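Side chains included, hydrogens not; waters and symmetry mates left out as well; all remaining heavy atoms used. Quick caveat, the model's predicted, so the values are computed rather than measured.
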Amino acid sequence: QVQLVESGGGLVQAGDSLRLSCSAAGRTNSGLAMGWFRQAPGKERELVAAISSGGGTTYYGDSVTVRVTFSRANAKNTVWLQINSLEPEDTAFYYCAGRIAAVPYYYTSPDDYGSWGQGTQVTFSS
């Protein structure tokens, strides 16, 4: 269906900014809703941000709303997640997710997505 590849993770310190990217290939012509999730060891996978097919609507998780910007390229095959003022709580494995969507809506649950990237690690250095 859709192949997703993330990049941009790494070792960060308090106050740093980080930009993650996700490139999509495959069945994207009918519309692709996308999202970013993260999962820390021993914790549930949680939503960071979601964007609708067409990029008209975005939604941010409560813990990162004021620090995150989620944008989509004009070509519709690449999205970026900008995280500012990084904190230790941001340490996690970050996943890009995609869902074929004919209507412009966003999805907030991992169960809503059928395609996943391999993930990229963000680690806080103390």
Side-chain angles (χ1 to χ4, degrees):
Q1 40 187 31
V2 180
Q3 295 77 48
L4 304 172
V5 180
E6 305 102 326
S7 64
L11 195 65
V12 300
Q13 299 184 24
D16 285 353
S17 296
L18 192 67
R19 194 188 196 203
L20 307 180
S21 65
C22 176
S23 298
R27 292 174 50 192
T28 61
N29 57 323
S30 61
L32 184 67
M34 301 182 71
W36 281 99
F37 294 82
R38 67 183 182 185
Q39 187 168 22
K43 297 183 179 180
E44 299 289 330
R45 184 171 298 187
E46 65 176 357
L47 175 73
V48 179
I51 191 166
S52 64
S53 61
T57 306
T58 57
Y59 178 89
Y60 298 98
D62 293 340
S63 64
V64 297
T65 297
V66 300
R67 301 185 292 114
V68 168
T69 301
F70 192 13
S71 60
R72 192 163 192 162
N74 292 333
K76 300 185 292 290
N77 61 350
T78 303
V79 295
W80 296 270
L81 181 71
Q82 178 78 32
I83 307 177
N84 300 317
S85 301
L86 284 157
E87 303 171 345
E89 292 75 20
D90 296 319
T91 297
F93 212 82
Y94 285 71
Y95 296 91
C96 178
R99 173 193 172 105
I100 301 296
V103 296
Y105 196 73
Y106 60 85
Y107 302 89
T108 60
S109 172
D111 295 334
D112 293 326
Y113 294 90
S115 300
W116 293 85
Q118 79 285 354
T120 185
Q121 179 69 43
V122 175
T123 302
F124 188 86
S125 176
S126 60

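Once rounded to the nearest 0.5 Å, the distance linking CG of Leu20 with CH2 of Trp36 reads 4.5 Å. Rounding to the nearest 0.5 Å gives a distance of 10.5 Å between CH2 of Trp80 and OG of Ser7. Atom-to-atom distance recorded for Phe70:CZ and Cys22:SG is 7.5 Å, nearest 0.5 angstrom.
Across every non-hydrogen atom of Thr78 and Ser23, the tightest pair is OG1-OG, 3.6 Å. Between Ala14 and Phe124 the shortest heavy-atom distance is N-CE1, 3.1 Å. Pairing each heavy atom of Ser52 with each of Pro104, the nearest pair is CB-C, 3.8 Å.
Take Ser85 and apply the side chain to side chain donor-acceptor pair (under 3.5 Å) test, not counting sequence neighbours, and it matches no residue. The side chain to side chain donor-acceptor pair (under 3.5 Å) check on Ser17 picks up Asn84, with sequence neighbours excluded. In terms of the ring-ring contact (aromatic ring centres under 6.0 Å, His included) criterion, residue partners of Tyr59 (sequence neighbours excluded) are, by chain and number, Tyr106. Residues satisfying the side-chain contact (heavy atoms from CB on, under 4.5 Å) test with Gln13, not counting sequence neighbours, are Asp16, Ser125.
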Distance-only donor-acceptor hits, side chain of residues 44-51, under 3.5 Å, sequence neighbours excluded:
unit_1	atom_1	unit_2	atom_2	d
Arg45	NE	Gln39	OE1	3.4
Arg45	NH2	Gln39	OE1	3.3
Glu46	OE2	Arg38	NE	2.7
Glu46	OE2	Arg38	NH2	3.2

Please tabulate, for side-chain N and O atoms in residues 113-122, each donor-acceptor pair with protein atoms closer than 3.5 Å (sequence neighbours left out).
unit_1	atom_1	unit_2	atom_2	d
Tyr113	OH	Tyr107	O	2.5
Ser115	OG	Gln1	NE2	2.8
Ser115	OG	Val2	O	3.4
Gln118	NE2	Glu6	O	3.2
Thr120	OG1	Gly9	N	3.1
Gln121	NE2	Ala92	O	3.2
Gln121	NE2	Thr123	OG1	3.3

Stepwise side chain to side chain contact (heavy atoms under 4.5 Å, CB included) check, Tyr94 with Leu18: CA-CA 12 Å; Tyr94 285 71; Leu18 192 67; over 6 Å; no
